[in-house]
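Here's the structure, in structure tokens; my notes come after.
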There are 2 protein chains.
Amino acid sequence: MSVAPADEEQLAGGNLVSTAVGAITQHIRTNELGPGDRLPSEATLSKELSVSRSVVREAFRSLATMRLIDLNVGKRATVAQLDHGAMSLMIEHGVHTAQININQVYDVRRTIEMRTSTLAALRRTDAEARIILGHAKAMETNFADADKVMESDLAFHLEIARASKNPIFSIIVGAFQGVSRQTWPIGWRSRASDAERHAMNRIHIELAEAILAGDPQAASQLMARHFDESAKALLAAGIA
Amino acid sequence: MSVAPADEEQLAGGNLVSTAVGAITQHIRTNELGPGDRLPSEATLSKELSVSRSVVREAFRSLATMRLIDLNVGKRATVAQLDHGAMSLMIEHGVHTAQININQVYDVRRTIEMRTSTLAALRRTDAEARIILGHAKAMETNFADADKVMESDLAFHLEIARASKNPIFSIIVGAFQGVSRQTWPIGWRSRASDAERHAMNRIHIELAEAILAGDPQAASQLMARHFDESAKALLAAGIA
DNA sequence: TTTATAAAACCTGTCCGACAGGTTGAATTG
DNA sequence: CAATTCAACCTGTCGGACAGGTTTTATAAA
């Protein structure tokens with residue numbers, strides 16, 4: 001319940017807020033808190049660290065923006081479930097400030113998702129396999145509504161990451177969703193014909209079936225093909 | 001210079017700080033700011049958004065903790081260079097709250113770093129290749145000092161990521177450094193003999209040479225072997 | 001006119017106090 | 001013993017204040 005007093009002197013970057021952030025994360029660790037567990041109140045921390053409530057607030061808010069903790073008015077702060085929020089903001093920041101380009105995003109996604117499809121084929125539950133196949137089929141069903149196709153596509157990829165049973169993969173795949181929402185329509189439009197678009201949907205379905213069949217090699221290769229063709233389409237659209 | 005007034009109504013989560021965070025990131029995007037560019041002052045934003053300075057401060061501080069912006073006393077906030085700070089905090093949070101285990105970290109690292117070594121072999125400059133080889137050799141040179149070996153090991157992996165010329169890979173590899181610093185000694189100790197430890201160093205040198213030689217297949221396979229053997233060592237140490 | 005210096009204006013970091021609500025747990029009451 | 005009420009807590013937001021650090025402006029010197 002109390003913050004370890006000896007650890008107050010974090011390797012903080014000069015300002016008190018960093019110190020407070022360190023103290024809070026330290027508190028989580030030393031007390032082995034898990035998602036949902038409550039943190040000390042602002043006033044308590046303020047007293048224990050001998051800093052003003054403002055400093056503690058800024059620390060709490062920072063951790064909340066990163067989704068490491070949850071804040072609720074009236075209630076105490078709680079430890080949060082893992083979430084891709086922070087990484088999403090970071091990736092989008094990188095793209096918007098021209099420090100990351102779309103090809104680099106695609107390369108990372110391809111690398112990660114070849115692995116998630118492999119793992120999904122090995123570890124998916126039947127229910128997960130059905131959901132994945134459902135998303136793939138929804139893309140074809142809603143063919144005329146590009147927005148719905150996109151959302152199903154995103155959900156498809158995320159569900160595969162979930163089925164890999166490694167939350168880090170889910171976070172990374174999730175983190176790219178924001179950027180993907182902006183580039184997806186470009187890829188869709190840049191396909192030369194509806195035939196090509198149907199072909200893309202076909203790959204999704206085959207991939208879902210490979211995962212359902214528990215065939216990791218096939219799943220991985222289909223994912224690679226999917227990304228290669230998407231990259232080609234994007235290239236055709238002039239995204240160097 | 002001014003915040004787009006129509007965008008003030010972000011999809012904010014009820015609280016004003018989220019709104020402010022959205023307004024600031026929006027400002028960066030609409031004005032196409034890059035690293036080093038200055039942001040409006042707290043007072044300015046406070047007026048434009050019609051919120052108190054406290055709210056703007058918490059928003060700024062949140063973005064600073066995520067390393068999206070840099071704060072300096074007296075100076076205006078500036079757009080920050082991409083950095084793995086936010087992701088590191090997130091990963092460490094996940095590990096410490098038992099939402100992520102070490103095997104999952106290793107799987108992600110293996111996946112990512114097989115790719116970075118492939119790319120490094122293809123894209124590295126001569127200078128980068130020399131630095132990578134230098135880190136590998138330093139591991140053997142400082143064999144007796146485990147701490148130095150570890151730091152060279154970490155630097156080795158990070159430099160390979162840099163040589164891949166994809167900043168996202170650098171970020172991800174960097175994000176795992178904090179966790180790795182905690183698990184590395186376990187792996188080092190769990191090696192059965194000094195011979196095994198030398199063998200591990202040997203792989204690093206061979207990998208560096210593969211990258212120097214521009215052989216992506218060899219580099220990738222050596223990286224895979226490295227991770228497989230590390231995983232084995234960790235397993236032997238009882239890390240399920 | 002140009003340059004160097006000094007002053008003013010600006011800016012962030014931190015603290016304090018205040019008040020509106022939302023939440024929680026304990027005392028009171030039926 | 002259960003339901004209700006109330007007091008204590010807690011967070012969200014605001015405003016003001018002051019110590020430094022920084023930038024710009026104005027002034028003086030060369």
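Chain naming here is simple, since letters A, B, ... match the order of the sequence lines and numbering starts at 1 in each.
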Name the orientation class of the two ring planes belonging to A:His226 and A:His204 (parallel below 30°, tilted from 30 to 60°, perpendicular beyond 60°). perpendicular

Take atom [atom1] of [X] and atom [atom2] of [N], then tell me their distance rounded to the nearest Å.
| X | N | atom1 | atom2 | answer |
| --- | --- | --- | --- | --- |
| A:Arg76 | C:dG22 | CZ | P | 20 Å |
| A:Leu63 | D:dT11 | CG | P | 14 Å |
| A:Glu58 | D:dC14 | CD | P | 14 Å |
| B:Ile24 | C:dT12 | CD1 | P | 11 Å |
| B:Leu16 | D:dG15 | CG | P | 12 Å |
| B:Leu49 | D:dC14 | CG | C1' | 15 Å |
| B:Leu71 | D:dT22 | CG | P | 14 Å |

Near A:Lys137 NZ, under 6.0 Å, is it more than 12 heavy atoms from other residues, nucleotides or ligands? no

Ignoring hydrogens and angles, tell me if any N or O in the side chain of B:Arg53 forms a donor-acceptor pair with the backbone of B:Ala43 under 3.5 Å. no

Whether A:Arg57 contacts D:dT11 is assessed here as follows: a side-chain N or O lying under 4.0 Å from the phosphate OP1 or OP2. Is that the case? no

Closer than 4.0 Å, any side-chain N/O of A:Arg53 to the OP1 or OP2 of C:dG17?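 Looking at the OP1 and OP2 atoms of C:dG17, neither is under 4.0 Å from any side-chain N or O of A:Arg53.
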
Which nucleotide in the set D:dT13, D:dG20, D:dT11 lies at the smallest distance from any side-chain heavy atom of A:Glu42? D:dT11

Of the options C:dC15, C:dT14, D:dT11, whose atoms approach the side-chain atoms of A:Asn15 most closely?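 Of the options given, the side chain of A:Asn15 lies nearest C:dT14.
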
Are side-chain N/O atoms of A:His135 and A:Glu159 paired as donor and acceptor at under 3.5 Å? no

Is it true that the side chains of A:Arg109 and A:Ser180 contain a donor and an acceptor less than 3.5 Å apart? yes

For a quick check of understanding: with a heavy-atom distance under 4.0 Å over all strands, which category does A:Ser54 fall into, base, sugar-phosphate or nothing? base

Could you pick out which residue, A:Val55 or A:Lys75, lies toward the 5' side of DNA chain C when each is mapped onto its nearest nucleotide? A:Val55

Contacts of A:Arg38 and B:Asn72 projected onto DNA chain C by closest heavy atom; the upstream (5') one is B:Asn72

